[in-house]
Amino acid sequence: MSRFWKPGTEKPRIVEDEEGGILFYSASPSSSGQGYESLRQRLPAYKYRTDILYLVETHATTIVVGETGSGKTTQIPQYLKEAGWAEGGRMIACTQPRRLAVQSVASRVAEEMGVKLGEEVGYTIRFEDITNPELTRIKFLTDGVLLREMMDDPLLSKYSVIMVDEAHERSLATDILLGLLKKIQRRRPELRLIISSATIEAKSMASFFSASRRIHGREDEEHGPRKVPAILSVEGRGFTVQMFYSEEPVSDYIRAAVSTVISIHDEERMGDVLVFLTGQDDIDAAIQLLTEDSHKRKQELIVLPLYSGLPRADQDLVFSPTPRGKRKVIFSTNIAETSLTLEGVVYVVDCGFSKQCFYNPMTDIENLVVAPISKASARQRAGRAGRVRPGKCYRLYTEEYFINEMSADGIPEMQRSNLVSCVIQLKALGIDNILGFDWPASPSPEALIRALEVLYSLGVLDDDAKLTSPAGFQVAEIPVDPMVSKMILASNDYGCSEEVITIAAVLSVQSIWFSARGVQKQLDEAKLRFAAAEGDHVTFLNVYRGFIESRKSSNWCHKNHINYHAMKKVDEIRQQLRRVAQRLGITLKSCEGDMEVVRKAVTAGFFANACRLEAFSHNGLYKTIRSSQEVYIHPSSVLFRVNPKWVIFHSIVSTDRRYMRNVISIDPSWLTEAAPHFYQNQLFNPRPH
DNA sequence: CTGACCTGT
């Protein structure tokens, strides 16, 4: 059982742990915080309490290397508060990359302190602000929310200490935040930073925060904290994990994973198995193989898939306790690497790959590809076997490959993403020299220049690459992709903001359609009930109207193959966008069914994604106007096989062909109307056919 | 004639 549970006392319950994963803690002893004192003192972090406080006092930046179960996330903010860092109206902030982690860590800390959540201890995530400006002293928040807060308070002046947790994950928001915090430190020497990171990244974090691009010798060494970061290592509470490697390279990792599971089951003592694969297809194939191969063992195995697209009820199955005499086998994507922690896992099988998204600034296309993982990822996966008792990890690659060929770290998201949103955020914070910005991991100049070009073409940046007023500031203010923001701004001129905000909300979620194996046909039929001749964006409006008319019924969604949770999110985003739009002076107005103005507003944001059907094309070949790239309408679009002459797409997925997803038909004259500078006269030049 | 790794404002 879990290390926090005293057998025979109370039943364990599930809450998030400090890695943002799920772990069994003992049930709360009572409503008072008294009972936590001894529990807190047994955490590894407690031994370092004095050291942590001393280092934070004397150093501008402290890097805490803390492994699983060290208690750093829940304890350090409390130590800081106890030492007086939250006095005089100041606050202690602690950021997390994920919403769930923010909520659970905040409620855990409130419980330990014996205070009501939302008073002394609070949290803020999108759509949810559980803080009290008068009372809150310790605030947990996503790093994305803290970035948004900077737009109102660029120096984050209400915080005395900012702890950035899980910095080794190198998410886009974390890296932007780190770059900006380094800048803030120069203006606010009294501010303290705590960066929490895994071992591998600690040194690069330290050198990032020590290196100064300013003139040396200016620093005032007699007063204030030391500028060179301190590094403190706190041991974790993970159990040892024994490693096993393939003797030879594996050609079919799905088959290898399944046979490894079978031999674990036949030869090893009880304990659940977690298998890391790359995606839904892998997982379905592996489960099919295993159930075919192991019908004899059927009564003993509970085989479950786990990926984010799975309905919530199916996801919850993996958390139910394994009955006595049975063994759970979970086939999972990367979701189990950082986002969720499964209790009871003793054996991990690691295929050595994951799906990763790479952005190509030359083609402006994102590619989702199966790629080898890094050593850091492999260690993280292996560590999932050592939370309950000593575990075993089976790597489906050779030890030689691990040592000599696997790269130490993954490529930070910053270096493989479209940077349009990132650049506009920095511009809104007054960072003029984007190319010279001091990033924790510099993105390629090509990606930055592409982002600047896109923003310039949207009229968001002027000739001096400064944010335009008011358009640039308005686009930065709306919490969606800049092209979507631009579309919302344009909707004000066309008198269709209600419709366009709904479309913007739908475009901001993964997919509103519910797709599962074997029901594609029913899904296609359901789609036809909502399909609009103008294209997918107008179809979304029909779906949303139906959802509202059904009074947001989950049953209605189910019957129409629509993802209820996605629609709830659409509704929340829509409400947020309406509030922001009103604040920016946009009139909320419906065009009452005039879809031409809606399509014009879409064009105003997405003119750069215009395509023309090739003359005499029999297979639906389009070419983009901007760069003559060959593209096709995705079969999931309502315009598939309709093939209007002129279309605009929202995004491209690249497989063997490049497919446009979410397509709307337009009139080419709207392009020159929306972006004369962008198209000039290239549209109507006759081309030889 | 077919795609959805994971996050976040």
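Chain letters run A, B, ... following the sequence lines, proteins first, then strands; residues in each count from 1. Being a predicted model, the structure only gives us computed values, none of them experimental.
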_What is the separation between atom CD on A:Glu169 and atom P on B:dG8, rounded to the nearest whole Å?_
11 Å
*Taking only the side-chain nitrogens and oxygens of A:Ser308, find out if one of them lies under 4.0 Å from OP1 or OP2 of B:dC6.*
yes
*List the steps, then state whether salt bridge (Lys or Arg N to Asp or Glu O under 4.0 Å) holds for A:Lys72 with A:Asp165.*
CA-CA 9 Å; A:Lys72 58 186 157 60; A:Asp165 208 2; 3.6 Å; yes
*May I ask you to establish whether A:Arg416 and A:Tyr359 are in a cation-pi arrangement, using a distance under 6.0 Å from NZ or CZ to the six-membered ring centre and at most 45° from the ring axis?*
no
*asked:* Classify A:Leu368 by what it touches in the nucleic acid, base, sugar-phosphate, or nothing, heavy-atom distance under 4.0 Å.
replied: base
*Go through B:dT2, B:dT7, B:dT9 for me and flag the one nearest to the A:Ile125 side chain.*
B:dT9
_cation_pi(A:Arg661, A:Phe649) dist<6.0 Å, angle<=45_ = no
*A:Glu413 CD to B:dG8 C1': how many Å, rounded?*
9 Å
*OP1 or OP2 of B:dT7 under 4.0 Å from side-chain N/O of A:Thr142*: no
_Using whole Å, what does the distance between atom C1' of nucleotide B:dG3 and atom CG of A:Asp524 come to?_
13 Å
*asked:* Any side-chain to backbone donor/acceptor pair from A:Ser107 onto A:Ser104? Under 3.5 Å, distance only.
replied: yes
*Counting heavy atoms from C-beta on, name the nucleotide in B:dT7, B:dC1, B:dG3 closest to the side chain of A:Gln510.*
B:dT7
*Nearest to the side chain of A:Arg99, which nucleotide is it out of B:dT9, B:dA4, B:dC5?*
B:dT9
_Of the listed nucleotides B:dC6, B:dT9, B:dG3, the one nearest the side chain of A:Arg148_ = B:dT9
*Considering only side-chain heavy atoms of A:Tyr659, which listed nucleotide, B:dT2, B:dT7, B:dC5, is closest?*
B:dT2
*What's the verdict on side-chain hydrogen bond (donor to acceptor under 3.5 Å, both in side chains) for A:Glu149 and A:Tyr159, showing C-alpha distance, side-chain angles and the deciding distance?*
CA-CA 11 Å; A:Glu149 283 190 3; A:Tyr159 300 108; 2.7 Å; yes
*How many Å lie between OH on A:Tyr307 and P on B:dG3, as a whole number?*
16 Å
*Atom-pair distance (CE on A:Met660; C1' on B:dG3), nearest Å*: 15 Å
*Centroid-to-centroid, A:Phe353 to A:Tyr253, below 6.0 Å?*
yes
_Rounded to whole Å, how long is the line connecting atom CZ of A:Arg416 with atom P of B:dC6?_
13 Å
*Measure the distance from CG on A:Leu577 to P on B:dT9 and round it to the nearest whole Å.*
13 Å
_Both A:Lys355 and A:Ile478 contact DNA chain B. Which one's nearest nucleotide lies toward the 5' end?_
A:Lys355
*Phosphate oxygens OP1/OP2 of B:dT2: is one of them under 4.0 Å from a side-chain N or O of A:Arg657?*
no
*Using whole Å, report how far CD of A:Gln315 lies from C1' of B:dC6.*
12 Å
*Closest to side chain of A:Pro635, choosing from B:dA4, B:dG8, B:dC1*: B:dC1
*Would you classify A:Val653 as touching base, sugar-phosphate or nothing, given that sugar-phosphate means primed atoms plus P, OP1 and OP2, and contacts are heavy atoms under 4.0 Å?*
nothing
*Output the single nucleotide from B:dC5, B:dT7, B:dA4 whose closest atom is nearest the side chain of A:Arg661.*
B:dA4
*Does a side-chain N or O from A:Thr333 land closer than 4.0 Å to OP1 or OP2 of B:dC6, or not?*
yes
